[in-house]
Peer 1: 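My questions all concern the structure below.
Each ligand, and each atom within it, is numbered from 1 in the order the structure gives. Each residue takes its place number in the sequence, starting with 1. What's counted below: heavy atoms across the whole structure, side chains too, no hydrogens, waters or symmetry copies.
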Amino acid sequence: MIKPKVQSAINEQIKKEEFSSRLYLAMAIWCEINGFPGASKFLYQHAEEERVHMMKLVHYVNERDGKAQLMDIERPTDEFDSLLDLFEKVMDHEKFITEAINELYEVALKEKDYTTMNFLQWYITEQLEEENLFKTILDKIKLVGNDKAGMFHIDKDLDGMAIAIEPIEE
Ligand code: OFO
């Protein structure tokens, strides 16, 4: 049976992943109505990916004889100054999530929950990959600045980067 402290820390993370999904959905909508179809497709898919992150945690808690719990979540920001501003906010958010995963790992460590520590390894690797991915995107956007043709190519690139969603592991 999962320990109460670990369970409530994971439930907090479920909330954060659910919020991430809604944040990227709001960003995808902004891109779609502001002439960035590629970025929009990429972010819609990323919103789905965050839902997968949430669901993995939900199943994990339940499989350990605990109870995954949903919480109230705040409405995400949906106004951005530019594509650069939007992806800077993505990067800030991913850094915040990396911190949250590290803190969750710390709770599992203190509770000597080695199974959860092992399970969280996937999230640690995933955060590293996501931060690298968003850094690459941000660097490209910064490089083109206000150049319209450059922006068009970045949007095309993002269209190609929209990846297939990994299935939820049981
Ligand atoms: Fe973007 O990795 Fe989950 O939140």
Side-chain angles (χ1 to χ4, degrees), residues 2 6-32 36 38-64 66 68-78 80 83-109 113 115-142 154 157-170:
I2 196 160
V6 178
Q7 173 171 291
S8 70
I10 296 180
N11 280 332
E12 284 294 332
Q13 190 63 31
I14 288 172
K15 176 186 174 183
K16 291 187 176 88
E17 301 293 343
E18 193 180 4
F19 179 81
S20 302
S21 182
R22 280 168 55 95
L23 174 64
Y24 297 149
L25 182 58
M27 289 173 163
I29 293 168
W30 184 91
C31 289
E32 192 165 38
F36 298 110
S40 167
K41 181 176 162 192
F42 173 84
L43 287 161
Y44 276 127
Q45 290 200 359
H46 210 78
E48 291 298 317
E49 211 180 309
E50 297 298 350
R51 201 167 175 281
V52 172
H53 294 178
M54 176 189 81
M55 291 305 295
K56 280 170 97 86
L57 292 163
V58 166
H59 290 313
Y60 178 74
V61 174
N62 293 342
E63 274 161 16
R64 295 274 319 271
Q69 204 146 35
L70 299 183
M71 298 178 200
D72 289 344
I73 51 175
E74 59 274 33
R75 183 172 165 268
T77 314
D78 60 359
F80 307 96
L83 198 64
L84 174 63
D85 175 47
L86 185 149
F87 275 97
E88 276 173 342
K89 290 192 165 76
V90 171
M91 194 68 206
D92 289 348
H93 184 70
E94 285 302 330
K95 284 184 178 159
F96 163 74
I97 293 293
T98 300
E99 271 305 303
I101 294 289
N102 290 343
E103 281 164 23
L104 177 54
Y105 191 88
E106 197 69 34
V107 174
L109 178 68
D113 182 344
T115 310
T116 298
M117 285 161 70
N118 187 43
F119 168 76
L120 290 175
Q121 288 298 333
W122 183 88
Y123 285 85
I124 292 169
T125 310
E126 182 71 12
Q127 280 314 117
L128 187 66
E129 283 171 11
E130 291 206 339
E131 280 198 30
N132 283 338
L133 171 70
F134 290 119
K135 188 182 178 307
T136 307
I137 295 170
L138 257 183
D139 286 347
K140 282 188 189 179
I141 298 175
K142 282 180 187 158
I154 285 184
D157 261 18
L158 285 165
D159 188 291
M161 284 163 92
I163 38 131
I165 306 305
E166 285 177 45
I168 299 170
E169 285 163 32
E170 290 299 328

Peer 1: What do we get for E126 next to ligand 1 when only non-hydrogen atoms under 4.0 Å count, side chain, backbone, both or neither?
Peer 2: neither
Peer 1: Specify the closest pair of heavy atoms between A26 and T77, including all atoms of both residues, with the distance to one decimal.
Peer 2: CB-O, 3.7 Å
Peer 1: For ligand 1, which atoms, with element, lie under 4.0 Å from some heavy atom of Q127?
Peer 2: 2 (O), 3 (Fe)
Peer 1: Taking only non-hydrogen atoms of K16, do any sit less than 4.0 angstrom from ligand 1?
Peer 2: no
Peer 1: Regarding Y123 and Q13, do their side chains bring together a donor and an acceptor under 3.5 Å, going by distance alone?
Peer 2: no
Peer 1: Looking only at N, O or S atoms, find the one in E94 nearest to atom 1 (Fe) of ligand 1 and name it.
Peer 2: OE2
Peer 1: I want to know if ligand 1 touches H46 in the polar sense, i.e. an N/O pair below 3.5 angstrom.
Peer 2: no
Peer 1: Return the minimal non-hydrogen interatomic distance between N11 and Q69, and the atom names on each side.
Peer 2: OD1-N, 2.9 Å
Peer 1: Angle subtended at atom 3 (Fe) of ligand 1 by OE1 of E50 and OE1 of E17, to 10 degrees?
Peer 2: 80°
Peer 1: So, of the N/O/S atoms that H53 has, which is the nearest one to atom 3 (Fe) of ligand 1?
Peer 2: ND1
Peer 1: When you measure from atom 1 (Fe) of ligand 1 to each N, O or S atom of E130, which atom gives the shortest distance?
Peer 2: OE1
Peer 1: When the ring planes of W122 and H53 are compared, do they come out parallel, tilted or perpendicular, using 30° and 60° as the limits?
Peer 2: perpendicular
Peer 1: Tell me whether the rings of Y24 and F134 are parallel (<30°), tilted (30 to 60°) or perpendicular (>60°).
Peer 2: tilted
Peer 1: In terms of ring plane angle, is the pair H46 and F42 parallel, tilted or perpendicular, where the classes change at 30° and 60°?
Peer 2: parallel
Peer 1: I need the atoms of ligand 1 closer than 4.0 Å to a non-hydrogen atom of S20, numbered in the order shown.
Peer 2: 4 (O)
Peer 1: Taking all non-hydrogen atoms of both residues, which atom of A39 and which atom of C31 are closest, and how far apart?
Peer 2: CB-SG, 3.8 Å
